[in-house]
Amino acid sequence: MNPATFAYHRADSVDTAIALLAQYGEESKLIAGGHSLLPIMKLRLAAPAHLIDITRIDGLDGIRDEGDRLVIGALTTHHAIERDDLVRTLMPLLAETASVVGDRQVRNRGTIGGALAHADAAADYPAAILALNAELIAVGPEGERGISAGDFFLDFLTTALTPAELLTEIRIPKLPPRTGSNYQKLANQASGYAVAGVAAVVTLDDGGVVADVRVGITGTVAAARRAAATESALMGKQADEAAIQQAADLATEGLEPLADLHASAEYRLRVTRGLTRRALTAAVARARG
Ligand SMILES: Cc1cc2nc3c(=O)[nH]c(=O)nc-3n(C[C@H](O)[C@H](O)[C@H](O)COP(=O)(O)OP(=O)(O)OC[C@H]3O[C@@H](n4cnc5c(N)ncnc54)[C@H](O)[C@@H]3O)c2cc1C
């Protein structure tokens, strides 16, 4: 099906994009890679009267090292993140996550900003963004604000961004030594989206005790979230097989699982616990070097 008719506007700066959003309000939508927006427009699930193209705005793509953090522009494609040397060295979890998003065409066009702003329940990045404790930078009529990953994903297709705001960049604190990470997902065989996905970041002290652990879950629930009970159970413990298993068994505590034709609620929960065990085991092995 073709999308409903719309007017096309090309923004050449963040200020212009924000002015256009203010002018056309709820009738308008930003468009980046178009790989989530266009499919729902073709299905007539969305029919914005005004599309604001942000892909030509200078400075919104690219990856830079800012000392104690890595900064990724909202327009950076999944492919660029997967291939970038800085990301692969400093934030391998993000490169690993980008490499399993959809297929090559999707990775070449889709952007991290679009994926995070769209907040599909089955999207991959949210798990990694939570586990990496990232900060998302939004710019709107009132200026710039930072939103912590933990406060960003609110519900199905709903984030803390207001309709007047543009996501400009993602800031990720660098990881300490003896830190390992891993992303595991059960992919929908047709689209590649995560039926369930788990990202783990583990830091060990010199004695092999867990000094920090963060686990992000996506796909299982409407809005990605941290596995708080798993994290508390593993903190301060020797990261052996028994401790990891015990902590992983708590990963679905308090979750309200989704159920659809791809997976029942019960299956999603079971898979999530299994993926958590695998992600933690791989992250610990990498932390040990
Ligand atoms: C066949 C297929 C398979 C896919 N498989 C996967 C998968 O396995 N895993 C996965 O995670 N994703 C998957 N995706 C989604 C893909 O990752 C998209 O690229 C991504 O979700 C959206 O990014 P985009 O740049 O294309 O955004 P767009 O489609 O352009 O925009 C999406 C939404 O975000 C808003 N938006 C875009 N940029 C900004 C911004 N900077 N600030 C504020 N709002 C913004 C738009 O207004 C729109 O509402 C798949 C998509 C397709 C078509």
Side-chain angles (χ1 to χ4, degrees), residues 35-36 72 74 78 81 91 93-102 106 110-138 146-161 167 169-173 181-188 191-202 213-232 247-248 250-260 262-263 265 267-280 283:
H35 269 55
S36 288
I72 303 188
H78 313 321
I81 292 170
M91 230 55 80
L93 176 62
L94 211 55
E96 191 172 25
T97 305
S99 74
V100 294
V101 170
V106 172
T111 67
I112 188 169
L116 294 171
H118 188 62
D120 195 301
D124 290 294
Y125 284 120
I129 289 300
L130 283 165
L132 289 168
N133 220 5
E135 185 186 26
L136 295 94
I137 306 303
I147 309 164
S148 73
D151 295 329
F152 189 76
F153 306 103
L154 301 183
D155 204 346
F156 190 71
L157 302 179
T158 309
T159 71
L161 288 173
L167 179 62
E169 63 187 35
I170 298 101
R171 296 176 184 164
I172 310 174
S181 60
N182 183 245
Y183 180 60
Q184 295 278 331
K185 85 165 166 176
L186 174 69
N188 176 312
S191 66
Y193 274 107
V195 174
V198 178
V201 176
V202 179
V213 51
R214 295 188 296 267
V215 176
I217 294 179
T218 191
T220 317
V221 277
R225 50 175 286 180
R226 296 260 295 268
T230 295
E231 295 174 359
S232 319
L250 300 172
T252 53
E253 213 168 75
L255 296 190
E256 288 177 27
L258 298 172
D260 53 30
H262 306 300
Y267 182 66
R268 268 202 170 83
L269 292 177
R270 195 144 58 88
V271 166
T272 302
R273 291 190 289 270
L275 296 178
T276 305
R277 183 181 55 74
R278 285 190 206 172
L280 285 170

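Values reported hereafter were calculated over all heavy atoms of this structure, with side chains retained and with hydrogens, waters and symmetry mates removed. Residue numbers count from 1 along this sequence.
- Residues A117 and L167 share a closest heavy-atom pair of N-CD2, 4.5 Å.
- Sparse packing is recorded around CZ of R278, with 12 or fewer heavy atoms of other residues, nucleotides or ligands lying under 6.0 Å away.
- Looking at heavy atoms from C-beta onward, H262 lies out of side-chain contact with L186 at the 4.5 angstrom threshold.
- The distance from the CD1 atom of I112 to the CD1 atom of I72 is 5.0 Å, given to the nearest 0.5 Å.
- The backbone N or O of A248 sits nowhere less than 3.5 Å from a side-chain atom of R277 that would complete a donor-acceptor pair.
- Taking every heavy atom of both residues into account, A251 and T276 meet most closely at CB-OG1, 3.4 Å.
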Q. What do the steps show when you test T159 against L116 for side-chain contact (heavy atoms from CB on, under 4.5 Å), and what is the final call?
A. CA-CA 8 Å; T159 71; L116 294 171; over 6 Å; no
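- Using a 4.5 Å heavy-atom cutoff, the side chains of Y183 and L94 are not in contact.
- Pairing each heavy atom of A127 with each of G197, the nearest pair is CB-O, 4.3 Å.
- The distance from atom CG of D151 to atom CD of E135, rounded to the nearest 0.5 Å, is 10.5 Å.
- What you find for A200 and A283 is that their closest heavy atoms are O-CB, 4.0 Å.
- The NZ atom of K185 sits 11.0 Å away from the CG atom of L275 when rounded to the nearest 0.5 Å.
- Between the side chain of R214 and the backbone N or O of L130 there is no donor-acceptor pair closer than 3.5 Å.
- Closest of all the heavy-atom pairs between V201 and S181 is CG2-CB, 4.1 Å.
- For the atom pair CG (L132) and CZ (R171), the distance works out to 16.0 Å, reported to the nearest 0.5 Å.
- Between V195 and V271 the shortest side-chain heavy-atom distance does not fall below 4.5 Å.
- Rounded to the nearest 0.5 angstrom, E96 CD and M91 CE are separated by 13.5 Å.
- Side-chain contact between L157 and H118 is present, with heavy atoms from C-beta onward closer than 4.5 Å.
- At a cut-off of 3.5 Å, with distance as the only test, no side-chain donor of T252 or T272 sits close to an acceptor on the other residue.
- When atom types are taken as modelled, the side chain of D155 and the backbone of T158 share no donor-acceptor pair closer than 3.5 angstrom.
- Within the 4.5 Å cutoff, the side chain of F153 has no heavy atoms near those of the T218 side chain.
- Proximity of a side-chain donor or acceptor of T230 to a complementary backbone N or O of A247 within less than 3.5 Å is detected.
- To the nearest 0.5 angstrom, D120 atom CG is 14.0 Å from Y125 atom OH.
- L255 is listed as a side-chain neighbour of R225, based on a closest heavy-atom distance under 4.5 Å.
- Closest approach of I137 and G146 over heavy atoms only: CD1-CA, 3.9 Å.
- More than 12 heavy atoms of other residues, nucleotides or ligands sit less than 6.0 Å from atom CZ of R226.
- In this structure, T97 and I129 have side chains that are not in contact, with every pair of non-hydrogen atoms separated by 4.5 Å or more.
- The closest side-chain heavy-atom distance from I170 to F152 is not below 4.5 Å.
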